[in-house]
Amino acid sequence: MAAPADPDFALHPGIDPDALTAAYRASGRISIEPFLTDTAANALREHLAGRADWMLVMNAGEKVYEMPRTAAAALTPDQRATLDRKIGESALHGFQYRYESIRVADDPGTRGDTLLDRFATFLSSPPVIGLLRGITGAPVEFADAQATAYGPGHFLTRHDDDVAGKGRHAAYVLGLTPGWRAEWGGLLLFHDGEREIDHGFAPAFNALRLFTVPAVHSVSHVWPWVPEPRVSVTGWLRSHSASARP
């Protein structure tokens with residue numbers, strides 16, 4: 001199969017800034033779909049599907065551990081069972097995550113020239129930052145980015161993304177997996193107190209989910225038999241100075 005054309009990234013022409021602004025100001029979260037032109041979204045999806053540098057990311061308390069996808073696949077059944085047990089026990093009552101990631105440098109000057117790197121740069125371009133600054137009403141200066149893949153057994157427990165000194169105004173998730181069913185898991189869930197879910201987004205292709213920071217949310221456990229991972233590009237809309245938050 002021929003490689004997809006290298007696209008010029010562009011916002012979808014059907015985006016309605018006024019309607020999105022009103023919805024975001026009312027609830028603190030919206031879905032912009034479609035976000036990119038069809039050509040750009042499909043090229044980014046195929047690019048990420050072909051990447052071999054995915055890293056399994058997981059935590060043990062404050063410590064973060066990374067493992068290449070090939071190394072994770074080479075674990076013995078006993079090793080995998082031990083890892084599953086430890087992660088599952090930690091997730092019962094604490095902050096825990098397990099998913100795959102390809103990170104993008106925050107500094108554009110140190111990025112490579114992959115399609116993912118170029119998409120991250122596009123997110124901080126004047127047309128995109130202008131749109132997102134207008135919708136959120138926040139003094140957004142740039143967007144950071146990473147690709148994420150949630151496969152069988154992956155999840156992210158509740159947290160609010162509010163990290164001191166990061167200058168985060170809003171978070172985003174650009175879905176790149178078509179045909180995902182809600183019962184497969186991988187839902188972006190917004191929490192209301194300890195027991196209730198206030199709202200949720202099922203993964204959708206070329207849909208950018210945008211929500212204010214802080215907001216307590218999680219990503220639900222992915223079903224063991226999903227046909228492919230839930231792939232997204234995620235990150236935060238930020239200011240260089242944390243004091244710029246409204």
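The structure presented is a predicted model; accordingly, all values stated were derived computationally and were not measured. Quick note: numbers below take in every heavy atom, side chains included, and nothing from hydrogens, waters or symmetry partners.
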Do the side chains of Leu187 and Phe190 join up, straight or via other hydrophobic residues, at under 4.5 Å, putting them in one cluster? no
Kindly work out whether a path of hydrophobic side-chain contacts (I/L/V/M/F/W/Y, heavy atoms less than 4.5 Å apart) joins Tyr97 to Val226. yes
Let me see the working for Asp160 and Val213 under side-chain contact (heavy atoms from CB on, under 4.5 Å), right down to the final yes or no. CA-CA 7 Å; Asp160 67 9; Val213 171; over 6 Å; no
Tell me if the centroids of the rings in Phe142 and His240 come within less than 6.0 Å of each other. yes
When you measure from the side chain of Arg230 to the backbone of Pro203, do you find a donor-acceptor pair of N or O atoms at a distance under 3.5 Å? no
Quick one: do Val222 and Trp54 end up in the same hydrophobic cluster if we chain Ile, Leu, Val, Met, Phe, Trp and Tyr together by side-chain heavy atoms under 4.5 Å apart? no
Any chance you could lay out the side-chain contact (heavy atoms from CB on, under 4.5 Å) test for Phe155 and Val219, step after step, and finish with the verdict? CA-CA 5 Å; Phe155 64 92; Val219 177; 5.9 Å; no
Any side-chain to backbone donor/acceptor pair from Trp180 onto Gly185? Under 3.5 Å, distance only. yes
For residues Thr21 and Asp18, is any side-chain donor paired with an opposing acceptor at under 3.5 Å? no
Does a side-chain N-to-carboxylate-O contact under 4.0 Å join Glu66 and Arg103? yes
Checking side-chain contact (heavy atoms from CB on, under 4.5 Å) for the pair Gln146/Thr234: CA distance, chi angles, key distance, verdict? CA-CA 6 Å; Gln146 66 171 329; Thr234 72; 3.5 Å; yes
Parallel, tilted or perpendicular, judged at 30° and 60°: which one describes the rings of His159 and His217? tilted
Taking atom CZ of Arg80 as the centre, report whether more than 12 heavy atoms of other residues, nucleotides or ligands fall under 6.0 Å from it. yes
Just checking, any donor-acceptor pair under 3.5 angstrom between side chains of Gln96 and Asn59? yes
Is there a donor-acceptor pair closer than 3.5 Å between any side-chain N or O of Thr110 and the backbone N or O of Asp107? yes
State whether a side-chain donor-acceptor pair under 3.5 Å links Arg29 with Thr212. no
Looking only at heavy atoms, the pair that brings Val216 and Arg158 closest together is CG1-NH2, 3.6 Å
Quick one: does any side-chain atom of Ser232 pair with a main-chain N or O of Thr148 as donor and acceptor, under 3.5 Å? no
Taking the side chain as every heavy atom from C-beta outward, state whether Thr114 and Arg51 have any atom pair closer than 4.5 Å. yes
Heavy-atom closest pair, residues Thr177 and Pro229: OG1-O, 3.4 Å
Got a second to check how far Leu123's CG is from Leu208's CG, nearest 0.5 Å? 8.0 Å
Should we say atom CD of Glu183 is surrounded by more than 12 heavy atoms from elsewhere, each under 6.0 Å from it? yes
With no hydrogens and no angle check, do the side chains of Ser31 and Arg209 hold a donor and an acceptor under 3.5 Å apart? yes
Find out whether His199 and Asp192 are in side-chain contact, i.e. whether some heavy atom of one side chain is under 4.5 Å from a heavy atom of the other. no
Scanning both residues in full, the closest heavy-atom pair of Ala149 with Val231 reads CB-CG2, 4.2 Å
Consider only side-chain N and O atoms of Ser218 and His191, and report whether a donor and an acceptor are under 3.5 Å apart. yes
Which atom of Ile135 lies closest to which atom of Pro17, heavy atoms considered: CG1-O, 4.4 Å
ILVMFWY network linking Tyr172 to Leu48, side-chain heavy atoms under 4.5 angstrom: yes
Charged N to carboxylate O below 4.0 Å: is that the case for Arg238 and Asp144? yes
Do Glu100 and Arg69 have side chains that get closer than 4.5 Å, going by heavy atoms? yes
Test item: Val173 and Phe201 side chains (from C-beta on) under 4.5 Å apart, heavy atoms: no
How long is the straight-line distance from OG1 of Thr136 back to CZ of Arg25, given to the nearest 0.5 Å? 7.0 Å
Does the pair Trp236 and Lys166 meet the rule for a side-chain contact (heavy atoms from CB on, under 4.5 Å), with working shown? CA-CA 9 Å; Trp236 294 274; Lys166 291 291 188 179; over 6 Å; no
Ignoring hydrogens and geometry, is there a side-chain-to-backbone donor-acceptor pair from Arg45 to Phe205 under 3.5 Å? no
Same hydrophobic cluster for Tyr65 and Leu83, using side-chain heavy-atom links shorter than 4.5 Å among ILVMFWY? yes
What is the distance from atom CG of Leu131 to atom CD1 of Ile32, rounded to the nearest 0.5 Å? 5.5 Å
Any side-chain to backbone donor/acceptor pair from Ser220 onto Gly186? Under 3.5 Å, distance only. yes
Within the side chain of Arg111, is there an N or O that forms a donor-acceptor pair under 3.5 Å with the backbone of Ala105? yes
Here the gap from Leu56 atom CG to His154 atom NE2, rounded to the nearest 0.5 Å, amounts to 5.0 Å
Approximate separation, where rounding is to 0.5 Å, of Ser124 OG and Glu141 CD: 10.5 Å
Using side-chain heavy atoms (C-beta onward) and a distance below 4.5 Å, is Ile30 in contact with Phe211? no
Measure the CG-CG distance between Asn206 and Asn42 for me, rounded to the nearest 0.5 Å. 8.0 Å
Report yes or no: does Thr121 contribute a side-chain atom to a donor-acceptor pair with the main-chain N or O of Asp117 at less than 3.5 Å? yes
Taking every heavy atom of Ala143 against every heavy atom of Leu237, the minimum-distance pair comes out as CB-CD2, 3.8 Å
How far apart are the closest heavy atoms of Pro127 and Leu11, and which atoms are they? O-CD1, 4.2 Å
